[in-house]
2 protein chains.
Amino acid sequence: MSEYTDRQLQIIDAAIELIAQGGIQQLTMKNLSKLIGISEPAIYRHFENKSSILEAIHDTFSIGKQTLVTDILYTQLSGIDKIQKFIEMHFAAFHQKPTLASVIFSEEIFQNEQHLADMITKIMDKFRLILMQIVSDGQKTGNIRNDIAPHHIVTIVMGSLRLIVKRWHFSRHSFDLRDEGLSFCESIRKILEPA
Amino acid sequence: MSEYTDRQLQIIDAAIELIAQGGIQQLTMKNLSKLIGISEPAIYRHFENKSSILEAIHDTFSIGKQTLVTDILYTQLSGIDKIQKFIEMHFAAFHQKPTLASVIFSEEIFQNEQHLADMITKIMDKFRLILMQIVSDGQKTGNIRNDIAPHHIVTIVMGSLRLIVKRWHFSRHSFDLRDEGLSFCESIRKILEPA
DNA sequence: CCAATGTTAGTTAGCGATCACTAACATATC
DNA sequence: GATATGTTAGTGATCGCTAACTAACATTGG
């Protein structure tokens, strides 16, 4: 798969940083070059244009996580434990790289480039499908209550996850995301446990 | 409270429409004037500058809904029915004015203007508090299960609501939001009903 | 070994397009 | 004849991006 040079990774990082600070409108070639400390045209030695930088941003976070998350499916964990793993995995990633949080759930950033917007929805769908699989497996084996439609459970898990991350971001990381995640998982367990 | 002329309302509407179509980057004075059918400077007869248009957008949706939602608190409904009302009210609003959906949960749009960003978080907090009140009341009177922290229930309700609206928006309104809302509420009822 | 040549990664200067916004003027309404 | 609301033309700033050039390094040929 696509590999990036150190300089490219630095540019990607700086771009994410800018978006995290002030949204997509702050991501200009000028701001980018200033943050990195090289001239504006120099960036074009490493990326064809601005939109390919966005593409790279999308690339780096999606590839990394997608495979990791898929792996959960093939573990020996119970359904409910898989969901917990899913949540913890996300929160750990954001904890490790907080700027990601401000980009990853802001689909608006990419909606100007149609193919990027499509990729975003595709990833979201993929995650949805994985969670859906986990849930309906769990319902069959009886460790997740089966009186609620799987897609509603998925909506609850993903929706809550997104909202917690959003609040964490907008409160400037005023709480520990992983702690909050653990505590939230306990509630999710109670909610999903079979009657 | 602040009233708007017909022309101002038309401008606000067009601005929301543009943001709905292609994000904040599509909201330019040129696009705006083109969509309305007047010249660019004419807009400045009705708004001091671009940022006051954003402010007006924020104004119109927040004032309208905030009071309506607060009213739920003082009805005779049970806790769980109040939550359902809360959800239905939101979905009805978006169904009636779909473009709102693309603006209201995109806090990024306002984050360049600090005072607007602050207002956004304030509204979010207010909604959170209202829901929190509903939930803990419901737990006391015994029609909402009390083995789950209220703030987790609030996160679940608001997070799911936001995600459903987001999906509805990105799927270009491919499903009926109110139907989905009703069906989702059934699941929420099951989840929240006392053991 | 070392000069010739090519590549990489940076620079300064500046392109046309577009940004939000303004000055000066026109028209319509009461 | 003022007031409200529009127009045309144009402002400086900034947008993404390119042209032209250069210093440092790599590769190759005699």
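All values below come from the heavy atoms of this structure, side chains included, with hydrogens, waters and symmetry mates left out. Just so it is clear: chains get the letters A, B, ... in the order the sequence lines come, proteins before strands, and each one is counted from 1.
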Colleague: Quick check for you: name the first and last nucleotides of DNA chain C, 5' to 3', having an atom under 4.0 Å from a heavy atom of chain A.
Modeller: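 First-to-last contact on DNA chain C, by the 4.0 Å heavy-atom rule, is C/dA9 to C/dA13.
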Colleague: Once you round it to whole Å, what is the distance between P of D/dC15 and CD of B/Q26?
Modeller: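 One finds 17 Å between P of D/dC15 and CD of B/Q26, rounded.
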Colleague: Between B/F105 and B/F94, is the gap from one ring center to the other below 6.0 Å?
Modeller: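 Between B/F105 and B/F94, the centre distance is under 6.0 Å.
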Colleague: Report yes or no: does B/K190 contribute a side-chain atom to a donor-acceptor pair with the main-chain N or O of A/D147 at less than 3.5 Å?
Modeller: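 Looks like yes, one N/O pair under 3.5 Å.
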Colleague: So do B/S52 and B/N49 actually touch side chain to side chain, heavy atoms under 4.5 Å?
Modeller: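 In short, these two side chains touch, coming nearer than 4.5 Å.
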Colleague: If we count only N and O atoms by modelled type, under 3.5 Å, do the side chains of A/D118 and A/Q114 hold a donor and an acceptor together?
Modeller: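 Yes.
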Colleague: Please examine the side chains of A/K34 and A/L18, heavy atoms only from C-beta on, and report whether any two atoms are closer than 4.5 Å.
Modeller: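 With C-beta onward as the side chain, the pair stays apart.
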Colleague: I need the residues from residues 46-56 of chain B with at least one non-hydrogen atom less than 4.0 Å from DNA chain C; give them sorted by number, or say none.
Modeller: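 Nucleic-acid contacts, sorted: B/N49, B/K50.
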Colleague: If you assign A/Y44 and B/I43 each to the DNA chain D nucleotide with the nearest heavy atom, which residue ends up on the more 5' nucleotide?
Modeller: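 Mapping each residue to its closest nucleotide by heavy atoms, the 5'-most match is B/I43.
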Colleague: Applying side-chain hydrogen bond (donor to acceptor under 3.5 Å, both in side chains) between A/R178 and each of A/Q96, A/H95, A/E88, report the one that passes.
Modeller: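 That would be A/H95.
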Colleague: With a non-hydrogen cut-off below 4.0 angstrom, is B/S39 in contact with a base, only sugar-phosphate, or nothing?
Modeller: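 Touches a base.
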Colleague: Considering every strand and a 4.0 Å limit on heavy-atom distances, what is the contact class for A/L27: base, sugar-phosphate, or nothing?
Modeller: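 Result for A/L27 = sugar-phosphate.
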Colleague: Quick one: does A/S171's side chain have a donor or acceptor within less than 3.5 Å of a partner on A/W168's backbone?
Modeller: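 Here the side-chain-to-backbone pair exists.
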Colleague: Is the ring centre of B/F127 less than 6.0 Å from the ring centre of B/H90?
Modeller: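 Close enough - the centres of the two rings lie under 6.0 Å apart.
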Colleague: Within this structure, what is the CZ-to-C1' distance between A/R45 and D/dC21, rounded to whole angstrom?
Modeller: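 Going from CZ in A/R45 over to C1' in D/dC21 covers 10 Å.
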Colleague: Nearest whole angstrom, please: distance from the C1' of D/dA13 to the CG of A/N31.
Modeller: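 So the two atoms are 14 Å apart, to the nearest Å.
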Colleague: Expressed as a whole number of angstroms, how long is the span from A/K30:NZ to D/dT14:P?
Modeller: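 Rounded to whole Å, this separation is 6 Å.
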Colleague: Measure the distance from CG on B/D6 to P on D/dA4 and round it to the nearest whole Å.
Modeller: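 Answer to the nearest Å: 16 Å.
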Colleague: Taking atom types as modelled and ignoring hydrogens, do the side chains of B/Q133 and B/D137 form a donor-acceptor contact shorter than 3.5 angstrom?
Modeller: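 B/Q133 vs B/D137: donor-acceptor pair found between side chains.
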